[in-house]
Amino acid sequence: MEIPVRRMRGLVAAALLVAAACGSGASGDEGRTLNIVGFAVPEAANRAIAEEWAKTPEGEGVRFETSYGASGDQSRAVVNGLEADYVHFSVTSDVLRLVDAGLVAEDWDDGPTKGVVSSSIVVFAVRPGNPEGIEDWDDLLRPGIEIVTPNPASSGAARWNALAAWGQVIASGGTEAEAEEYVRALFDHVVSLPGSGRDATTAFLNGTGDVLLAYENEAILARQNGEELDYVIPDTTMLIENPGAVLIDADPIAEDWLEFVLSEEGQRQFALHGFRPVVDGVEVERVEGAADPTDPYPEVERLLTVEDDFGSWEELSEKFFDGEDAVIARIIAESGKAG
Amino acid sequence: MTAAALDGAGPATSARRPRHPGGLTPASGLGLGVALVWFSLLVLLPLAAVAATTAEGGWGGFWRAVTNEQTAAAIRLTVTQALLVTAVDVVMGTLVAWVLVRDSFPGKRLLELLIDIPFALPTIVAGLVLLSLYGPDGPLGVDVTNRRPAVFLALLFVTTPFVVRTVQPVLAELDPEAEEAAASLGAGRLTIFRRIVLPAITPAIAAGAALAFARGMGEYGSLVLLSGNLPFRTEVASVRILASIESDDLPAAASVATVLLVVSLAVIAAIDLLQRRMVRRG
Amino acid sequence: MADRSRRRPPLGRWALRLVVVAYLGLLVAWPVGLVARNALDGGLANIRDILEEPDTVHALRLTAGVALTSVAINTVFGVGISLLLVRHRFPGRRLLSALVDLPLSVSPVVVGLALVLVYGGRDGWLGPTLEDLGLQVIFAPPGMVMATTFVALPLVVREVVPVLEEIGTEQEEAAHSLGAGAWATFRRITLPSIRWAVVYGVALSLARALGEFGAVKIVSGNVAGRTRTATLVVEEKYLNFDQGGAYATAFLLTLVAVACIAVVTLVRPDQSGGRSP
């Protein structure tokens, strides 16, 4: 029994041609195009900023090609060849990956905002009305409290929560040993480690846990979309700094874009979408979804930052997450074994 | 699966087993060549690249990545859950195929339509609906989230179609003569099933089981929301791979992936061996 | 087959039906119904909204194109490989058979990684060369077709192989001895007898291709309006808390898969004893 080889090859060739035809749908576009690769949450904000920018002479008529997804995935995609002029990621390590790959200049963070384009803080998301009365870090360790937090191992962005938990002990005068003890106790209360912030929010909204370690911007975004959760800002918490950078080979218009993003108008759009502005003088009257829409971004009593409290992102990655005896990784593994 | 036909006499219904399968003719040899090139470009080469990346870390790196306690636990969990699910799929899948082919009742066509849907659902959506139905807020009062059964349930959901769909066409092609003959000779239903039908559909069941197991090993999206990824408890191997990728430790990720591939290959081969022995005995 | 049904005591048959219906109901029907309910929550508004977004419409079309191409490739090679595996003997046959199932077991995370390692434009084994020749694989539709073909690879083969074994070669040998050429034999004898297996395989492959997410996400780059598929749109909406939009897109995807399967099941007869001509 023989195979009709010729026919098969013909069909295959046809199929491949179709595939190639789909592939060569290259956008032969006139005018400037800006390729933005970013993490998921600021998509709405970036779109709003783009609309405002289009009203300016620099931004007029510029086309956008955008890709949004999990910060780490996006960063790796750019390293693997995904075209980008401007990137906006959730953690510094995702930009550093591009620096290592030679795609972003080493002085990317020399600007006035040190490369940070949007920011937020770590908050506790709770059920409407805060039935458990969770106000601060110690409340998280009360017996029976179940915590949901994204998994620092599989999500770079999830590392902010762990850093906040650790840092707040040190900032209150505790030793490293006490910080480790606290974080260990915290992870003993963790009932779910979803892969990303969004998944964690979903798990929480579907009934898992009493409190969710979340980012303020995501909590606000959720509330803007009618999801039912409240959030509490602890006295001491971590400043989440989202870096943005223009790539080395980028279209020069990307620099104009970055400038606009860092301008008052750009930051105002971020503020309207739940992010804390990184420049001064940004006025927003009302941010829907914030705990108090008229005072959306109350000052935090003690704000931890990477620079002040942890040295540098490279240092803390090595010490807490990726190194040989990384503290947080070890704690999480041990909490699993114990349970 | 494939070689069953060639070993030993087949059961009564399938007396028409190929007796002397040919060696390769020039045309089919060419066809094999083309098929192999395609298979290599699409599958073998990429998988070889993964293996090569494993090698970058050397034996030391490989060993460390794989024997890491958390990772080993994740691999164990993945394999055992996939095996369990496959076992259930084999039984239920055959049952479902039987009812769909041999029975007829109003609404049966609707069931036919439903079976393939777990496949077509993007895995996030699968995860979302499973979460809303079998999570803390679920209407049934059943909450499997963040516990082992969550992994089992998600895998069961995505592997449902396999055994059903491989057994159905074979069941439908079965010549009823042998069964009717046996029945008229007084054989009970169960005997007929066991000695006539089962051997005939065993290769199909095995094919479906291999598919179900394979899918179970690789599944990720639909169980991530449900399982909670708790180390040593509900964390599957894919999560460990992702963690390594996130830390830019590609050799470690590739090492775990390679182990999973080897295990899959071993189990698939074992299923093939098992069903060949079963067919021979029956 | 009617005789057999009569001989079976009603209780046994009803029990079997009940078990099967309950199993499929709890495991499949209910979750799927929930998708439909969430999508249609508030009428057709969700569906209309997503169909009005140009990016989403592009994504749906891209998904269809990629899925159909990959299914075509898988069907052609699937049937070819099935014939090779069953009708011929050659060294490495068992190995090839086991290898064919392997792609399904590869986690989507790894599929994407593997394809990028080989076909990535910057550092891949073959990627840079291919790009110099003008063919971009990763972050372009060819890569997406490859990823989709990869994950659905065994499906047609595993459907066709058991049936090929079951039906044997008598008719083909008879045709051959009567002087029929290979292609004529294939077209008139083999193909019709494996028709339903192929159709099931195609339906499964299509469903799998439509629903593929993880691997495609990695190799496509997820560029809105260019390489974003429907499943990636679902994810985007999910990430932006647009539940209605996410479910509506998923619902549309599912409808297409169901439509294909419906065509299959409506056209095929209820039972078939023996080979259909």
Side-chain angles (χ1 to χ4, degrees), chain B residues 2 5 14 16-18 21-24 28 31-32 35 38 42-43 45-47 49-50 92 95-96 99 104 109 111-114 116-117 119-125 129 133 165-166 169-170 172-173 175-176 203-204 207 210-211 214-215 217-218 220-221 238 241-242 257 264-265 268-269, chain C residues 16 20 23-24 28-29 31-32 34-35 77 80-81 84-90 97-98 101 103-110 114-115 117-118 150 158 161-163 165-166 168-170 196-197 200 204 207-208 210-211 213-214 231 234-235 238 250 254 257-258 261-262 265 270 272-274:
Chain B
T2 57
S14 310
R16 307 161 300 225
R17 292 265 190 239
L24 290 174
S28 51
L32 180 63
W38 167 78
L42 187 62
V43 179
L45 205 57
L47 292 183
V50 172
M92 290 308 301
L95 267 179
V96 172
V99 169
S104 129
R109 286 260 153 89
L111 279 185
E112 281 265 20
L113 287 182
L114 289 176
D116 288 317
I117 294 184
F119 245 0
L121 275 183
T123 47
I124 322 175
V125 178
V129 292
L133 288 179
R165 290 308 191 203
T166 48
V170 176
E173 290 292 338
D175 199 326
L211 287 176
R215 180 66 195 270
M217 288 287 284
Y220 169 66
S238 303
I241 296 178
L242 207 64
S264 300
L265 206 58
I268 291 169
Chain C
L16 214 58
V20 165
Y23 181 73
L24 289 181
V28 181
V32 170
L34 193 62
V35 175
F77 279 101
I81 290 189
L84 271 172
L85 288 176
V86 177
R87 298 276 184 257
H88 294 271
R89 267 221 148 112
F90 51 87
S97 169
D101 272 326
L104 206 60
S105 74
V106 183
S107 160
V109 175
V110 178
L115 287 174
L117 280 174
V118 176
F150 188 106
R158 288 306 168 215
V161 160
V163 174
E165 287 177 355
E166 170 56 31
T169 53
E170 276 177 2
W196 293 118
Y200 273 129
L204 274 181
R208 181 78 181 89
L210 289 172
F213 168 67
T231 49
V234 171
E235 189 206 23
Y238 166 68
T254 317
V258 166
I261 303 163
T265 54
D270 215 343
S272 52

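If you're wondering where the values come from, they're calculated on a predicted model, not measured in any experiment. Residue numbers start from 1 in every chain, and the chains themselves are labelled A, B, ... in the order their sequence lines are given, proteins ahead of strands.
- To the nearest 0.5 Å, atom OG1 of residue C:Thr231 and atom CD1 of residue B:Ile124 are 8.0 Å apart.
- Looking at C:Phe150, both its backbone and its side chain come within 4.5 Å of chain B, counting heavy atoms on both sides.
- Contacts between B:Val43 and chain C at a heavy-atom distance below 4.5 Å involve backbone atoms as well as side-chain atoms.
- The CZ atom of B:Arg165 sits 5.0 Å away from atom OH of C:Tyr200, with the distance rounded to the nearest 0.5 Å.
- We find the CG-CZ distance between B:Leu42 and C:Phe77 to be 9.5 Å, quoted to the nearest 0.5 Å.
- Taken to the nearest 0.5 Å, the CG atom of C:Leu34 stands 5.0 Å off from the CG atom of B:Leu133.
- For the set C:Gly214, C:Ala207, C:Ala197, C:Pro103, the entry with the most heavy-atom pairs within less than 4.5 Å of chain B is C:Ala207.
- Annotation: the span from C:Ser105 atom OG to B:Leu265 atom CG amounts to 8.0 Å, rounded to 0.5 Å.
- Across B:Pro169 and C:Val163, no two heavy atoms sit closer than the pair CB-CG2, 3.7 Å.
- Within the 4.5 angstrom heavy-atom criterion, only side-chain atoms of C:Val32, from C-beta onward, approach chain B.
- Closest approach of B:Leu114 and C:Val28 over heavy atoms only: O-CG1, 3.2 Å.
- Among C:Ser107, C:Pro108, C:Ala250, the residue making the largest number of heavy-atom pairs under 4.5 Å with chain B is C:Ser107.
- B:Ile241 places a side-chain heavy atom less than 4.5 Å from the side chain of C:Val110.
- Minimum interatomic distance between B:Pro46 and C:Leu115 (heavy atoms only, all atoms of both residues): CG-CD2, 3.8 Å.
- C:Val234 approaches B:Pro122 most closely through the heavy-atom pair CG2-CG, 4.4 Å.
- To the nearest 0.5 Å, atoms CG (C:Leu104) and CE (B:Met217) are separated by 11.5 Å.
- Taking each heavy atom of C:Val35 and B:Val125 in turn, the nearest pair found is CG2-CG1, 3.7 Å.
- Between B:Leu32 and C:Ile81, the closest side-chain pair of non-hydrogen atoms is not below 4.5 Å.
- For chain B, the nearby parts of C:Leu204 are the backbone and the side chain; heavy atoms of each come within less than 4.5 Å.
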Determine, stepwise, if the pair B:Leu47 / C:Val106 fulfils side-chain contact (heavy atoms from CB on, under 4.5 Å). CA-CA 9 Å; B:Leu47 292 183; C:Val106 183; 4.2 Å; yes

After noting the C-alpha distance and the side-chain angles of B:Val170 and C:Trp196, does the key distance pass the side-chain contact (heavy atoms from CB on, under 4.5 Å) rule? CA-CA 9 Å; B:Val170 176; C:Trp196 293 118; over 6 Å; no

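- Both the backbone and the side chain of B:Leu211 come within contact range of chain C, each with at least one heavy atom under 4.5 Å from a heavy atom of that chain.
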